[in-house]
Protein chains: 2
Amino acid sequence: MARAPGRTSDTAERVLDVAERLAQTRGFNGFSYADIAAEVGITTASLHYHFPTKADLGEALVVRYTDAFQAALTEVAASSDGALTKLERYVRIYHDVLGADRMCLCGMFAAEYATLPAPMQQALRRFFDDNERWLVEVLETGRADGSVQFEGGAADMAGLLTGALEGSMLLARSYSDVARFGASAEQLLRTLRPTPGAARSSRPVRR
Amino acid sequence: MARAPGRTSDTAERVLDVAERLAQTRGFNGFSYADIAAEVGITTASLHYHFPTKADLGEALVVRYTDAFQAALTEVAASSDGALTKLERYVRIYHDVLGADRMCLCGMFAAEYATLPAPMQQALRRFFDDNERWLVEVLETGRADGSVQFEGGAADMAGLLTGALEGSMLLARSYSDVARFGASAEQLLRTLRPTPGAARSSRPVRR
DNA sequence: GTCTATAGGCAGATAGAC
DNA sequence: GTCTATCTGCCTATAGAC
């Protein structure tokens, strides 16, 4: 999940780093410009120079997060791994976020959706659309070559995967228990693995 | 999900009703005493008579919600329905909440977990513990009589179910699309249904 | 139980000097 | 780009009359 070289200044980048962590742990309505300013070591007035309004900051957070996430997904997609391994690597991305004591930024913002400015809402949907487009591609490829097994539409399964992973992160955080997320994710992946002695059941259903 | 006859006054109950809806749509950090007061038709000072602090109100919200939820679960458990039907009814409870344009109160609060006062955090965990205890019971019964099929531990499957349903609600709300939740839930239930011609695979695995 | 009045703090945001 | 100073508004909460 390397960061793309952006056009934002070094200070703006540091602001985004701090704001991102605050947003992932406390939510968009759970931190203030004063919180960021104290950590970065500048005043709130200076913050407003980089991001005129909190809505601007929030949108920048989602866009940067989505871009970094997308870059990570593209890297996984380009690998020679099988579909199942790609899905396991997808899960690991979420797992690592949780391991850093954070909730997925966009899952967090999804909870506060109704209170967010429209541009943030739109950027948020793009994140999930990107995720599910990537998942559909992997799921369909995997089902075609027999490395992944599931019933129903790939889009529905992709929706379940994103929802289940986001929700499992949410609950694992309430228990400060990363292993709880791991167990849910494993339970989920289990249903996607081809039944050992039943290669026949991995053929695609009609769609 | 009938409301248990409580000892709280009529006004306090109306306050909780309004606060509950605000909390389920905007989150605990997304509404104020002023919002409630305006809707109920009393002043914020009067609100403080019923709930001295917002933390008190929040705790009362979670406790009442948990009790009502538990009552609904007990009713389902007492029915003569099979385990699979009970799980479908469990899903329907979540579905109905979403149909009322609300997020699960406790799923919402789970996102804001780090910003909540300790008593609320504790009450929140009780909600999820109750849910999963109920699910484990249903899952194990169903697996024993062959009406439900899954691999791994019942506790892990229960954790996946709560996480997946909470997360699916979260995302469906961002798309204002209840059907999206329905599709994820159906995809999830599908994995629990016994394979038509394979009653043998519904036997419990070693645990 | 509900009100008016108000305290005290923090929020996001701006003006203008450097 | 960053600062000091300040504004306005909203927040939770309290005092005290009715």
Side-chain angles (χ1 to χ4, degrees), chain A residues 6-62 108-109 111-121 123, chain B residues 6-23 25-62 108-109 111-112 114-121 123:
Chain A
R7 69 212 181 316
T8 47
S9 74
D10 191 66
T11 300
E13 213 66 41
R14 280 195 300 137
V15 169
L16 287 172
D17 288 341
V18 171
E20 183 177 85
R21 203 195 68 250
L22 288 169
Q24 287 184 270
T25 50
R26 306 180 52 86
F28 190 67
N29 298 324
F31 73 93
S32 71
Y33 266 37
D35 295 327
I36 306 170
E39 277 199 58
V40 175
I42 58 177
T43 63
T44 61
S46 298
L47 270 184
H48 280 283
Y49 167 80
H50 296 284
F51 303 98
T53 70
K54 200 183 175 187
D56 293 323
L57 170 62
E59 196 183 343
L61 282 176
V62 177
M108 186 66 101
F109 285 0
E112 302 173 291
Y113 191 82
T115 72
L116 301 179
M120 282 186 68
Q121 296 181 329
Chain B
R7 69 212 181 315
T8 47
S9 74
D10 192 65
T11 300
E13 212 65 42
R14 281 196 299 139
V15 168
L16 287 172
D17 288 341
V18 171
E20 183 177 85
R21 202 195 68 250
L22 289 169
T25 50
R26 306 179 54 87
F28 190 68
N29 298 325
F31 73 93
S32 70
Y33 266 37
D35 296 326
I36 306 169
E39 276 200 58
V40 175
I42 58 176
T43 63
T44 61
S46 298
L47 270 185
H48 280 282
Y49 167 80
H50 296 285
F51 302 97
T53 71
K54 200 184 176 187
D56 293 324
L57 171 62
E59 196 183 343
L61 281 176
V62 177
M108 187 65 102
F109 285 0
E112 301 172 293
T115 72
L116 302 179
M120 282 185 69
Q121 295 181 330

request  = Take atom NZ of Lys54(B) and atom P of dT12(D), then tell me their distance rounded to the nearest Å.
outcome  =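 Going from Lys54(B) (NZ) to dT12(D) (P), I get 5 Å.
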
request  = Take atom CG of Leu47(B) and atom P of dC10(D), then tell me their distance rounded to the nearest Å.
outcome  =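 After rounding, the gap between these two atoms is 17 Å.
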
message = Once side chain to side chain contact (heavy atoms under 4.5 Å, CB included) is applied, do any residues pair with Ala45(A), and if so which ones, sequence neighbours excluded?
response =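 Side chain to side chain contact (heavy atoms under 4.5 Å, CB included) check on Ala45(A) returns Thr43(A).
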
query = Hey, which of these two, Gly41(A) or Ser32(B), hits DNA chain D nearer its 5' end, going by closest nucleotide?
reply =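 Closest to the 5' end, via its nearest nucleotide, is Gly41(A).
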
query = Parallel, tilted or perpendicular: which describes the rings of Phe28(B) and Phe109(B), with under 30° parallel and over 60° perpendicular?
reply =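 Aromatic pair Phe28(B)/Phe109(B) classed perpendicular.
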
query = What nucleic acid atoms does Tyr49(B) come within less than 4.0 Å of, heavy atoms only: base, sugar-phosphate, or nothing?
reply =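 Answer is base: heavy atoms of Tyr49(B) come under 4.0 Å of a base.
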
task = Could you tell me whether Phe51(B) contacts a base, only the sugar-phosphate backbone, or nothing, with contacts defined as non-hydrogen atoms closer than 4.0 Å?
result =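 Here Phe51(B) touches no strand at all.
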
key: Under the salt bridge (Lys or Arg N to Asp or Glu O under 4.0 Å) test, residues paired with Arg14(A) that sit two or more places apart   =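 Testing Arg14(A) for salt bridge (Lys or Arg N to Asp or Glu O under 4.0 Å), a comparison that skips the adjacent residues, returns none.
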
ask   = Want to settle it: does Thr44(B) or Thr11(B) sit nearer the 5' end of DNA chain C, counting the closest nucleotide to each?
value =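 Residue closer to the 5' terminus by nearest nucleotide: Thr11(B).
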
Leu57(B) and Ile36(B), any side-chain heavy atoms less than 4.5 Å apart =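 Heavy-atom side-chain distance check passes, below 4.5 Å.
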
query = Given the rule in the side-chain contact (heavy atoms from CB on, under 4.5 Å) test, do Glu39(B) and Leu22(B) qualify, once you have shown the distances and angles that lead to the verdict?
reply = CA-CA 10 Å; Glu39(B) 276 200 58; Leu22(B) 289 169; 4.1 Å; yes

ask   = Using a heavy-atom cut-off of 4.0 Å to chain B, what are the terminal contacting nucleotides of DNA chain C, in 5' to 3' order?
value =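 In short, chain B contacts DNA chain C from dG1(C) to dT4(C).
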
ask   = In Å, rounded to the nearest 0.5 Å, how long is the span from OH of Tyr33(A) to CG of Leu47(A)?
value =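 Rounded to the nearest 0.5 Å, the OH-CG separation comes to 6.5 Å.
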
